[in-house]
Each structure stands twice: as C-alpha cells, then as structure tokens.
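Shown next, in structure tokens, is the structure this report addresses.
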Amino acid sequence: MKMGQEQFRQQLFLAMAEEIGAIRQLLQNLETVLVSDEDVILKHYQDLQQFDLIIQHVDESAKLLHRLADGTCSHEAIENVRLARLKGVFQAAVQG
C-alpha cells in the first residue's frame, strides 16, 4: 500500500470507531431512560438486559477499529476481542 492509502485507511477506521462510540453513547442514554421507568422494567426486564450485550458488541467493534487504525495486524487485533462469538465472526471473516 502507498503511504497515502495507508493514512486514508487509518483515518477511515478512526472515523468509524468514533461513530460507533457515538452510537454506544446513544444506546446507553436510551437504556438509562428506559430503566428509569418502573413500568418498563417490570414489563421488559429480560429485554432490557440485551442493551448491555449490544453495548458490549458495539464497544468491542470500536476497539477493534482503533487497533486496526493504529496499525495492528488483523489477526492480532481480532485476538484481543473479548466476546467469543464476536471474535469468531471476525476470525471467520479474515479466513476467507
């Protein structure tokens, strides 16, 4: 890759990671609003737990993009993903 293309790649990954971080914050804000309503909690307790899982997935995806933007090779960057299912998805994607 030419240096210009590599810089473009890094900037793109960083921008994507930042956008994912913003999405994470929106999800957390929505979760906070929903769990402040007792009726919502009583009716949807199990469903509300999904917010934590979604936020974890979003967070891990953003962290992966940051590692890639920093120049970490794909395999090493994926190895640091903490959620096994998500790590498996990413590993399968780079294996073909």
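We number each residue from 1, following the sequence as shown.
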Notebook entry, point to check: How would you list, by chain and number, every residue that makes a salt bridge (Lys or Arg N to Asp or Glu O under 4.0 Å) with R67, sequence neighbours excluded?
Noted result: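 Residues passing salt bridge (Lys or Arg N to Asp or Glu O under 4.0 Å) with R67: none at all.
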Next item on the list: Return the set of residues passing salt bridge (Lys or Arg N to Asp or Glu O under 4.0 Å) with R82 (not counting sequence neighbours), or none when no residue passes.
Entry: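 Salt bridge (Lys or Arg N to Asp or Glu O under 4.0 Å) list for R82, sorted by chain: E60.
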Check: Run the side-chain contact (heavy atoms from CB on, under 4.5 Å) check on S61 and F90 step by step: do they pass?
Finding: CA-CA 10 Å; S61 297; F90 293 146; 3.9 Å; yes
Margin query: Does anything in residues 23-49 form a salt bridge (Lys or Arg N to Asp or Glu O under 4.0 Å)? List the pairs, not counting sequence neighbours.
Written below: R24-D59
Check: Can you list every pair that meets salt bridge (Lys or Arg N to Asp or Glu O under 4.0 Å) and has a residue in residues 84-96, with sequence neighbours left out?
Finding: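 Qualifying pairs: E79-K87.
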Notebook entry, point to check: Closest approach of L68 and A77, non-hydrogen atoms and distance?
Noted result: CD2-CB, 3.8 Å
Margin query: Using every non-hydrogen atom in the two residues, find where L83 and Q56 come nearest and quote the distance to one decimal.
Written below: CD2-OE1, 3.4 Å
Taking atom [atom1] of [X] and atom [atom2] of [Y], what is their separation to the nearest 0.5 Å?
X	Y	atom1	atom2	result
I55	L30	CD1	CG	9.0 Å
L86	Q91	CG	CD	10.0 Å
L14	R9	CG	CZ	10.5 Å
M16	I20	CE	CD1	6.0 Å

Check: Who are the side chain to side chain contact (heavy atoms under 4.5 Å, CB included) partners of L48, not counting sequence neighbours?
Finding: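 Here the qualifying residues are L34, V35, V40, I41, H44, F51.
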Check: Among all residues two or more places apart in sequence or in another chain, which pass the side chain to side chain contact (heavy atoms under 4.5 Å, CB included) test with Q46?
Finding: Q49
Notebook entry, point to check: Which residues pass the side-chain hydrogen bond (donor to acceptor under 3.5 Å, both in side chains) test with E19, sequence neighbours left out?
Noted result: none
